[in-house]
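Notes follow the structure.
Values below: every heavy atom of this structure, side chains too, minus hydrogens, waters and symmetry copies. Each chain gets a letter, A, B and so on, in the order its sequence line appears, and its residues count up from 1.
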Protein chains: 2
Amino acid sequence: MRASSPERPSRGSGVPTPRRRRASGRGSAEHDGAPRGIPEASIARLPLYLRALVAMADRGITSVSSEELAGASGVNSAKLRKDLSHLGSYGTRGVGYEVDYLVYQISRELGLTQDWAVAIIGIGNLGRALANYGGFATRGFRTACLIDADPNQVGQRVSGLAVRHLDDLEALIAEHRVAIGVIATPAGAAQEVADRLVAAGVRSVLNFAPAVLTVPPGVELRKVDLSTELQILAFHEQRRVSAVAFEAAANAVVPDDVGDVIDAELGPVAPAASGLRV
Amino acid sequence: MRASSPERPSRGSGVPTPRRRRASGRGSAEHDGAPRGIPEASIARLPLYLRALVAMADRGITSVSSEELAGASGVNSAKLRKDLSHLGSYGTRGVGYEVDYLVYQISRELGLTQDWAVAIIGIGNLGRALANYGGFATRGFRTACLIDADPNQVGQRVSGLAVRHLDDLEALIAEHRVAIGVIATPAGAAQEVADRLVAAGVRSVLNFAPAVLTVPPGVELRKVDLSTELQILAFHEQRRVSAVAFEAAANAVVPDDVGDVIDAELGPVAPAASGLRV
DNA sequence: GCGCTTTTGTGCGCGTGTTCACAAACCCGT
DNA sequence: ACGGGTTTGTGAACACGCGCACAAAAGCGC
Ligand SMILES: NC(=O)c1ccc[n+]([C@@H]2O[C@H](COP(=O)([O-])OP(=O)(O)OC[C@H]3O[C@@H](n4cnc5c(N)ncnc54)[C@H](O)[C@@H]3O)[C@@H](O)[C@H]2O)c1
Ligand SMILES: NC(=O)c1ccc[n+]([C@@H]2O[C@H](COP(=O)([O-])OP(=O)(O)OC[C@H]3O[C@@H](n4cnc5c(N)ncnc54)[C@H](O)[C@@H]3O)[C@@H](O)[C@H]2O)c1
């Protein structure tokens with residue numbers, strides 16, 4: 001692959017020479033001819049590495065091996081090395097990686113050497129928590145505006161920023177050059193808000209509402225779904241209980257309803273509710 | 001595989017007749033701890049289907065095809081069918097799926113026919129939002145206790161529930177039979193809280209703190225990482241900009257429109273900040 | 001009963017991601 | 001200069017999940 005690469009910027013002289021990745025052959029009939037190449041799965045882990053590296057830098061650590069960094073990030077070291085190799089050949093064999101240098105390279109790859117303006121739409125429980133959260137600002141994101149549809153919310157100050165009305169959405173997006181829209185409205189309003197954001201030029205959306213949104217191609221949509229996370233945990237919890245119950249039932253004569261056996265275990269608070277809610 | 005299966009419960013007479021699935025009873029001698037192997041990826045989508053199905057049921061829809069349900073869930077219909085096939089053969093060829101019946105089956109599989117007690121640890125911005133959120137209770141989860149280390153927080157009522165002190169964690173877990181622990185403390189405290197939860201018997205943990213946690217095998221750990229989500233979006237945003245810039249550079253002859261496009265497009269607020277933060 | 005239509009359930013090829021394991025590269029002491 | 005010790009970068013095998021495409025079932029009209 002890159003074995004034939006001429007040579008990498010020798011780090012001795014300090015300033016790194018950003019190298020553009022070549023559009024890996026593969027005549028895939030994919031969308032945009034972007035300088036493709038770095039796997040989505042790897043990208044999703046870069047923030048993890050970055051966080052661990054920054055923590056190390058704070059502790060005064062200047063050099064780190066893939067094994068150490070992998071441990072701190074909770075991943076396999078081979079995976080870590082392969083992930084980093086997608087950015088370039090930034091390590092030193094027999095030594096490891098220089099922390100500062102790697103922090104810079106990952107930051108650059110993730111686009112964190114710039115500030116991105118973020119708009120939060122829906123300033124309720126969750127939107128307010130997000131607005132008050134200091135962790136974003138320190139990581140390259142600037143909460144540029146807060147938007148809500150409720151006239152009672154409009155004008156209130158949250159974390160030093162005034163809540164603006166939904167009517168001004170388009171103007172605010174343009175004014176602040178908002179790049180990322182965060183949707184924290186009720187599910188029913190989410191699609192409409194997304195549509196307006198996209199129409200206003202936003203091409204990155206993070207959705208917290210429990211709704212399936214559709215956006216045109218070219219717009220990046222990610223979602224955070226808390227209910228789903230809990231439900232996945234519930235599945236494993238139940239499976240664990242059933243496994244025990246199953247074993248127990250193997251001895252007894254199973255009548256018709258296995259369910260009764262299950263809730264004998266320490267699991268749920270309420271005895272197997274008859275009516276299903278959800 | 002099971003094509004030659006002798007016969008499955010024929011629900012020919014139209015009526016749902018909720019039928020319990022075979023407890024892996026058939027002659028097969030596969031007896032491991034886990035009764036069955038339903039792929040993790042499928043499980044993660046079940047809540048999505050469930051949500052769509054419930055919405056349909058509310059609208060009075062009683063029957064749905066895989067194509068329709070897949071559309072409403074934003075997934076490929078073949079994938080949907082394969083996912084559902086892991087639960088059993090609950091559809092009717094040529095017709096589709098009965099909404100109520102499917103809601104029941106998925107709920108059962110996810111363990112949502114029971115209530116699970118949830119503890120939230122760290123009642124700050126985020127923990128408070130979670131505690132105030134009504135969406136959990138309606139989906140089989142009951143916020144059983146709120147725990148914080150700050151004496152000033154202790155005793156306050158949030159959403160009708162008094163905040164308790166961290167010292168009582170073990171007692172509260174036992175008392176309420178907490179099955180799921182939600183960590184919303186600062187990152188520095190997360191591992192310690194997780195350790196105490198696990199020691200107290202909790203085997204499902206949802207972590208919001210930006211920290212890599214380790215839990216013993218057998219404990220299910222999931223995380224929600226908002227900063228990471230934003231950083232992934234930032235990556236795509238940046239890639240998009242570079243792609244345009246790249247193209248512009250290639251066609252250096254016509255810089256006119258392209259250059260404007262870049263500027264006009266929502267770029268970073270600050271022109272490539274010199275200092276990297278993160 | 002029979003053929004026609006519809007839709008499920010799934011076999012199969014494919015691409016993506018993960019992990020192992022090892023040669024190449026580098027540092028350092030002698 | 002050189003050899004020994006260490007760690008990277010990556011080829012290759014493996015595992016997994018996705019989606020196409022199709023035969024098998026079910027319903028329906030006649
Ligand atoms: N609070 C949580 O912990 C939590 C957890 C999981 C999911 N969610 C989801 O996040 C979203 C927000 O939750 P929340 O608890 O903050 O709800 P909330 O009701 O407290 O806040 C919603 C806010 O959105 C505003 N709003 C309504 N329609 C709007 C529109 N069209 N445009 C702009 N603003 C609008 C409302 O005025 C309100 O201020 C919901 O979809 C919820 O399901 C929240
Ligand atoms: N607020 C957000 O929108 C947001 C977004 C992303 C991530 N997070 C993460 O979620 C976590 C909570 O965020 P927040 O904004 O609510 O912070 P916060 O500072 O408002 O709240 C933290 C709470 O945890 C309590 N606490 C501290 N140590 C504790 C301990 N050992 N045991 C129990 N409670 C303890 C504090 O008293 C405080 O009430 C943080 O790790 C943060 O990084 C928050």
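- In this structure a side-chain-to-backbone donor-acceptor pair under 3.5 Å is present from B/W116 to B/G111.
- Remark: the A/K82 side chain and the C/dT18 base include no donor-acceptor N/O pair separated by less than 3.5 Å.
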Run the side-chain donor-acceptor check on residues 38-47 of chain B: report pairs under 3.5 Å with partners two or more places apart or on a different chain.
residue: B/E40; atom: OE1; partner: A/H236; partner atom: NE2; Å: 3.3
residue: B/E40; atom: OE2; partner: A/H236; partner atom: NE2; Å: 3.1
residue: B/S42; atom: OG; partner: B/D83; partner atom: OD1; Å: 2.5
residue: B/R45; atom: NE; partner: B/Y49; partner atom: OH; Å: 3.4
residue: B/R45; atom: NE; partner: B/D83; partner atom: OD2; Å: 2.6
residue: B/R45; atom: NH2; partner: B/D83; partner atom: OD1; Å: 3.0
residue: B/R45; atom: NH2; partner: B/D83; partner atom: OD2; Å: 3.2

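- The separation between A/L102 atom CG and D/dT7 atom C1' is 14 Å, rounded to whole Å.
- Ranking C/dG17, D/dG9, D/dG17 by closeness to the A/Y97 side chain, first place goes to D/dG9.
- If you check C/dG17, C/dT18, C/dA24 against the side chain of A/R93, the one that comes closest is C/dA24.
- Residues of residues 66-81 of chain B having a heavy atom closer than 4.0 Å to DNA chain C, listed by number: B/S66, B/R81.
- Look at CD on A/E40: it is 18 Å from P on D/dG17, rounded to the nearest Å.
- Axis angle between the ends of the helix from C/dG1-D/dC30 to C/dT30-D/dA1, five pairs each and rounded to 10 degrees, works out to 0°.
- Rounding to whole angstrom units, NE2 of residue B/H86 and P of D/dC16 are separated by 12 Å.
- Residues that satisfy the side-chain contact (heavy atoms from CB on, under 4.5 Å) test with A/A57, not counting sequence neighbours, are A/V99, A/D100.
- With DNA chain C read from its 5' end, the first of the two nearest nucleotides for A/V95 and B/V95 is the one closest to B/V95.
- Between A/R45 and B/V64, the residue anchored nearer the 5' end of DNA chain C, judged by the nucleotide with its closest heavy atom, is B/V64.
- Between the CD1 atom of B/I43 and the P atom of D/dC16 there is a distance of 13 Å, rounded to whole Å.
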Audit row: A/Y90, A/Y97, ring-ring contact (aromatic ring centres under 6.0 Å, His included) steps and yes/no: CA-CA 7 Å; A/Y90 296 145; A/Y97 301 87; 8.8 Å; no
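- Along DNA chain D, the nucleotide nearest to A/G94 and the one nearest to A/D83 differ in position, and the one closer to the 5' end is contacted by A/G94.
- In this structure, A/L84 atom CG and D/dT10 atom C1' are separated by 13 Å, rounded to whole Å.
- Summarising the geometry, atom CD belonging to A/E220 is positioned 9.5 Å from atom CZ belonging to B/F235; distances are rounded to the nearest 0.5 Å.
- With sequence neighbours excluded, the residues satisfying side-chain contact (heavy atoms from CB on, under 4.5 Å) with A/V215 are A/V198, A/V219, A/L221.
- At least one donor-acceptor pair closer than 3.5 Å links the side chain of B/Q191 to the backbone N or O of B/T214.
- Here the side chains of B/S204 and B/R222 are not in contact, with every heavy-atom distance at 4.5 Å or above.
- Listed pair A/T92 / C/dC26 fails the phosphate criterion, with no side-chain N or O lying under 4.0 Å from OP1 or OP2.
- Sorted by first then second residue, the salt bridge (Lys or Arg N to Asp or Glu O under 4.0 Å) pairs that include residues 66-80 of chain B, not counting sequence neighbours, number zero.
- In this structure, CD1 of B/I38 is placed 15 Å from C1' of C/dT10, rounded to the nearest angstrom.
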